[in-house]
Amino acid sequence: MANTAPRVASLLYEVEPGAKVDISGWVRTRRDSKHGFSFVELNDGSCMSNLQVVVNADVPGYEETIKEMTTGSSVRFTGELKESPGAKQRVELHAESLELLGVADAEKYPLQKKRHSFEFLREIAHLRPRTNTFGAIARVRNCVCRAIHDFFQERTFLYVQTPIITTSDCEGAGEMFTVTTLEPSTDGQPVDYAEDFFGKKASLTVSGQLEGEIYATAVGPVYTFGPTFRAENSNTTRHLSEFWMIEPEVPFCDLEGDMQLAEDFIKNIVRRCLDECAEDMKFFNDRIDKTVLETLKNILDNDFKRVSYTEAVELLEQSGKKWEYPVEWGTNLQAEHERWLTEEHFKQPIIVFDYPRSFKPFYMYCNDDGKTVRAMDVLVPGVGEIIGGSQREHRLDVLESRFEECGLDTEEYWWYLDLRRYGSVPHAGFGLGLERMILLLTGMQNIRDVIPFPRTPKNAEF
RNA sequence: UCCCCGAUAGCUCAAUUGGUAGAGCGCCGGACUGUUAAUCCGUAGGUCGUAGGUUCGAGUCCUACUCGGGGAGCCA
């Protein structure tokens with residue numbers, strides 16, 4: 001047995017009838033004809049569709065084996081690929097041999113030939129990739145990851161691995177998980193991190209941005225692509241405790257360039273998925289969200305609407321809507337505001353920029369107006385904020401005063417300030433939440449269903 | 001963390017003013033069939049989330065807890 005055999009996807013869409021085939025996979029369903037033969041629907045994860053295997057009763061082993069080929073069992077067939085008289089497939093496999101590799105007790109196997117709720121499937125996350133929806137998500141997610149690397153590689157960005165364990169805090173990004181080998185204190189005494197593994201308090205990263213800036217100001221455009229951890233007690237359909245983030249950082253770049261990069265980036269990913277995962281994308285449109293293809297086409301066909309925070313506030317004030325959270329210049333936009341702007345008013349992705357400095361972190365470039373910073377958020381219908389980014393403050397004196405303003409210790413960020421002391425340049429970057437991007441692409445509602453093994457408060461199974 | 005809602009068969013759900021549980025699907029058995037969400041008939045399958053309480057009597061009412069869902073905040 002070798003894993004070089006063609007897979008179902010190529011048999012269905014590429015290989016010509018007449019080919020001799022050796023194929024292994026899992027049974028999705030079986031239909032028996034009492035006096036003659038059985039149809040076995042074989043899936044191997046290479047695509048949404050199954051290979052229909054026609055097994056005649058005269059195939060050796062048929063009588064003893066076919067009843068065991070229940071939903072979920074693993075099987076292997078050899079035979080000849082033939083044109084299918086059925087309307088639903090181009091070709092089918094006429095089996096000449098059959099082999100049951102692993103049984104799946106039909107009485108106990110949790111996946112049935114019917115739809116299951118996503119809540120139920122979350123409880124069996126080790127089996128859910130065997131379903132149509134989660135197989136499709138896995139393929140789309142893979143496509144997105146490839147598209148991301150290709151996008152940046154084609155633009156000469158360097159892929160930089162920033163640390164997962166870190167002793168710096170990208171302030172404002174959220175609560176951090178502590179990494180320690182110390183036993184929990186039982187006497188109520190505060191933990192002495194000087195005694196800890198790293199000799200100081202260490203955490204799981206909440207962002208690779210600060211380290212990304214180090215490389216961007218040395219080797220040119222870079223991007224990070226890795227797991228990120230937030231210990232926030234967030235219980236929503238859009239938050240994970242462990243998620244994947246892509247963070248480009250570009251020297252000699254201002255906010256304008258940053259926004260353009262973000263827009264090109266998202267459009268590129270959308271285009272790749274539509275081109276390369278057409279079958280899966282059609283499934284999402286048919287079964288998950290009837291508007292998803294239209295939404296994605298809309299994204300490709302239009303420039304993202306750019307609106308300053310100040311303009312956004314004016315639009316919200318003039319909307320005549322009753323807001324649960326009052327709109328006032330100087331307060332952060334709430335979900336209801338963002339949703340109205342992108343879903344009801346503009347009905348397309350928008351980029352809100354130049355936010356008040358009062359609620360934005362220290363590293364963002366301060367505008368001359370003394371009130372705003374060069375920050376931008378990309379908001380998309382259905383998902384909300386998908387990208388957050390900014391031009392970074394590269395002026396040493398301004399940055400130092402911002403540290404003071406934010407109550408931060410410059411000593412801890414000595415290396416970050418060095419970047420401004422020696423050869424400082426304007427630079428900018430952003431962070432894209434991978435799982436939120438996949439929500440947008442698939443029309444899935446809950447972020448826990450677009451990552452293989454979701455980690456959320458009180459949940460870290462598998 | 002806050003606010004709402006929920007937990008009954010393997011899955012999805014129903015059960016009247018409180019009177020000791022039903023359906024569909026799935027499974028299994030049978031019939032039929034180049035089928036493809038197959039179709040038709042039948043069988044089996046439940047300590048009603050956990051622990052208390054009210055009551056002659058609780059799936060149903062009350063309390064606590066656990067878990068799940070939706071929304072909010074925080075953010076990507």
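Chain letters run A, B, ... following the sequence lines, proteins first, then strands; residues in each count from 1. All values derive from a computational prediction rather than experimental measurement.
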Original post:
When you measure from the side chain of A:Arg339, which nucleotide among B:rC75, B:rG71, B:rG68 comes out closest?
Top reply: B:rG71
**OP:** Select base, sugar-phosphate, or nothing to describe what A:Thr236 touches, counting heavy atoms under 4.0 Å on all strands.
**Re:** base
Original post:
Is the glycosidic angle of B:rU47 within 90° of 0, making it syn, or outside that range, making it anti?
Top reply: syn
Original post:
With sugar-phosphate meaning primed atoms plus P, OP1 and OP2, does A:Tyr109 contact a base, only sugar-phosphate, or nothing at under 4.0 Å between heavy atoms?
Top reply: nothing
Original post:
Distance only, no hydrogens: is a donor on one side chain within 3.5 Å (strictly under) of an acceptor on the other, for A:Glu41 and A:Thr29?
Top reply: no
Original post:
Within the pair A:Arg448 and B:rG69, is there a side-chain N or O less than 4.0 Å away from OP1 or OP2?
Top reply: yes
**OP:** Take atom C1' in B:rG34 and the same atom in B:rA21, then report the distance between them in whole Å.
**Re:** 43 Å
Original post:
Does one side chain, of A:Ser390 or A:Arg392, offer a donor that lies under 3.5 Å from an acceptor on the other?
Top reply: yes
Original post:
To the side chain of A:Glu107, which of B:rU1, B:rC28, B:rC25 is closest?
Top reply: B:rC28
Original post:
When you look for runs of 3 or more Watson-Crick or G-U pairs in a row, both distances below 3.5 Å, which of them include RNA chain B?
Top reply: B:1-7 with B:66-72, B:10-13 with B:22-25, B:28-31 with B:39-42, B:49-53 with B:61-65
Original post:
Between A:Tyr363 and A:Tyr365, does the ring centroid distance fall short of 6.0 Å?
Top reply: no
Original post:
Of the candidate nucleotides B:rC28, B:rA72, B:rC75, which contains the atom at the shortest distance from the side chain of A:Arg238?
Top reply: B:rA72
Original post:
P atom, B:rC65 versus B:rC3: distance in rounded Å?
Top reply: 12 Å
Taking only distance into account, with no hydrogens and no angle test, what donor-acceptor pairs under 3.5 Å do side-chain atoms of residues 454-462 of chain A form with protein atoms, sequence neighbours excluded?
residue  : atom : partner  : partner atom : Å
A:Arg455 : NH1  : A:Glu461 : O            : 2.9
A:Arg455 : NH2  : A:Phe462 : O            : 2.5
A:Asn459 : OD1  : A:Glu461 : N            : 3.4

Original post:
Do A:Glu92 side-chain and B:rG34 base share a donor-acceptor contact under 3.5 Å?
Top reply: yes
Subject >> Position toward the 5' end of RNA chain B (nearest nucleotide), A:Lys67 or A:Glu435 >> reply: A:Lys67
Original post:
Which part of the nucleic acid does A:Arg30 contact within heavy-atom distance under 4.0 Å: base, sugar-phosphate only, or nothing?
Top reply: nothing
Original post:
Which of these nucleotides, B:rA76, B:rG68, B:rC28, is closest to any side-chain atom of A:Glu119?
Top reply: B:rG68
**OP:** Check the side chains of A:His427 and A:Glu213 for a donor-acceptor pair under 3.5 angstrom, ignoring hydrogens and angles.
**Re:** yes
Original post:
A:Phe152 and A:Tyr159: aromatic ring centres closer than 6.0 Å?
Top reply: no
**OP:** State which of B:rU1, B:rU12, B:rG73 makes the closest approach to the side chain of A:Phe120.
**Re:** B:rU12
Original post:
Where the side chain of A:His239 is concerned, which of B:rG34, B:rC74, B:rU1 is the nearest nucleotide?
Top reply: B:rC74
**OP:** Could you work out which one of B:rG73, B:rG69, B:rG71 sits closest to the side chain of A:Thr237?
**Re:** B:rG71
Original post:
Which of these nucleotides, B:rG34, B:rC11, B:rG73, is closest to any side-chain atom of A:Ser117?
Top reply: B:rC11
**OP:** Looking only at side-chain atoms of A:Leu240, point me to the closest of B:rA76, B:rC74, B:rU12.
**Re:** B:rA76
Subject >> Nucleotide nearest A:Thr70 (side chain, heavy atoms from C-beta), chosen from B:rG34, B:rC67, B:rC28 >> reply: B:rC28
**OP:** Under 4.0 Å between any heavy atoms, over every strand shown, what does A:Arg28 touch: base, sugar-phosphate, or nothing? Just pick one.
**Re:** nothing
Original post:
Between the side chains of A:Tyr62 and A:Ser38, is a donor N or O closer than 3.5 angstrom to an acceptor N or O?
Top reply: yes
**OP:** Hey, which sits more toward the 5' end of RNA chain B by its nearest nucleotide, A:Asn459 or A:Asn332?
**Re:** A:Asn459
Original post:
Would you say the ring centroid of A:His149 lies under 6.0 angstrom from that of A:Tyr223?
Top reply: yes
Original post:
Stacking here means centres under 5.5 Å and planes under 30°; does A:Phe37 stack on B:rG34?
Top reply: no
Original post:
Any idea which heavy atoms bring A:Pro349 and A:Ile299 closest together, and the distance?
Top reply: CG-CG1, 3.5 Å
Original post:
Which part of the nucleic acid, if any, lies within contact of A:Asn446, taking any heavy atom under 4.0 Å across all strands shown: a base, the sugar-phosphate backbone alone, or nothing?
Top reply: sugar-phosphate
**OP:** Going 5' to 3' through nucleotides 36-46 of chain B, assign each nucleotide B (protein heavy atom under 4.0 Å from a base atom), S (under 4.0 Å only from sugar-phosphate atoms) or - (no protein heavy atom that close).
**Re:** BSS--------
Original post:
A:Gln445 near the nucleic acid: base, sugar-phosphate alone, or nothing, with a heavy-atom cut-off under 4.0 Å?
Top reply: nothing
Subject >> Side-chain-base donor-acceptor pair under 3.5 Å for A:Ser234 and B:rC75 >> reply: no
**OP:** Kindly state whether the ring of A:Tyr413 and the ring of A:Phe362 have centres lying under 6.0 angstrom apart.
**Re:** yes
